[in-house]
Amino acid sequence: MLTRIMVTPEGNDSTRQRILDAIRAVPRGEVASYGGIARRSGLPGRARLVARVLGENDDADLPWHRILRADGRIAFAAGSRPFREQAKRLRAEGVAVRNGRVQMAEAEETLDAAVWAPR
DNA sequence: AGAATGACAGGAA
DNA sequence: GTTCCTGCCATTC
């Protein structure tokens, strides 16, 4: 039916797939923001969608721990179980985590270069 | 239909 | 440097 085709917004699986791919593209030892992933997925301004997809994800191989808020803070409540787990995984990759946050200004640029730079 | 919620972001204070 | 407030998007009550 036409209605069915026309109504499909973006909550479909292909959109989620693009987001997951962008997350998988983040190199080990690097980090990215929710908004950054959204932008690279062709979905500027939909950081919260990225967060939702991550929350519903069940793939153990997905590097979910490399995704932080734009200011470098871990998105989970400080001290919570997932919060500690994320900090642990990041440090395991050599990422400095200080008071639940990392300096990601440089990391973002480095990442952009790694992902987008032609050379 | 209106309000509340959340792994967000950006700018103001 | 931080904390606060507003805007956003999608989903759930």
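Chain identifiers are assigned alphabetically (A, B, ...) following the order of the sequence lines, protein sequences preceding nucleic acid strands; residue numbering begins at 1 within each chain.
As rounded to whole Å, 18 Å separates atom C1' of B/dA9 from atom CD1 of A/Ile74. The separation between A/Arg46 atom CZ and B/dG10 atom C1' is 17 Å, rounded to whole Å. If you take CG of A/Asp71 and P of B/dC8, they are 10 Å apart, rounded to a whole angstrom. What separates CZ of A/Arg98 from C1' of C/dG1 is a distance of 13 Å, to the nearest Å. The nearest whole Å value for the distance from the CZ atom in A/Arg16 to the P atom in C/dA10 is 15 Å. Going from atom OH of A/Tyr34 over to atom P of B/dC8 covers 6 Å, rounded to whole Å. In this entry the distance linking CD1 of A/Ile19 with P of C/dC9 reads 14 Å, nearest Å. Straight-line distance from the CD1 atom of A/Ile67 to the P atom of B/dA9: 10 Å, rounded to whole Å.
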Exercise for review: Carefully, step by step, assess A/Tyr34 and A/Arg46 under the rule side-chain contact (heavy atoms from CB on, under 4.5 Å).
Suggested key: CA-CA 8 Å; A/Tyr34 294 86; A/Arg46 294 179 179 80; over 6 Å; no
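Checked for salt-bridge contact, A/Arg89 and A/Glu93 miss the test: no charged N lies under 4.0 Å from a carboxylate O. Between A/Arg18 and A/Asp21 there is no salt bridge, since no side-chain nitrogen of the basic residue lies less than 4.0 Å from a carboxylate oxygen of the acidic one.
Evaluation of atom-type donor-acceptor distances gives a pair under 3.5 Å for the side chain of A/Arg48 against the base of B/dC8.
Closest approach to the A/Ala70 side chain among B/dC8, B/dG10, C/dA10 is made by B/dG10 (side chain taken as heavy atoms from C-beta onward).
Judged by distance alone, with hydrogens and angles left aside, the side-chain atoms of A/Arg66 form a donor-acceptor pair with the main-chain N or O of A/Val26 at under 3.5 Å. A side-chain donor-acceptor contact under 3.5 Å links A/Arg84 to the backbone of A/Gly79. Under a 3.5 Å cut-off, the side chain of A/Arg91 and the backbone N or O of A/Val97 do form a donor-acceptor pair. At distances below 3.5 Å, not a single donor-acceptor pair connects side-chain atoms of A/Glu30 with backbone N or O atoms of A/Val95.
Near DNA chain B, meaning a heavy atom under 4.0 Å from it, residues 51-66 of chain A has A/Ala51, A/Leu54, A/Gly55, A/Trp64 in order of number.
Comparing A/Gly45 and A/Arg101 along DNA chain C, the residue whose closest nucleotide (by nearest heavy atom) sits nearer the 5' end is A/Arg101.
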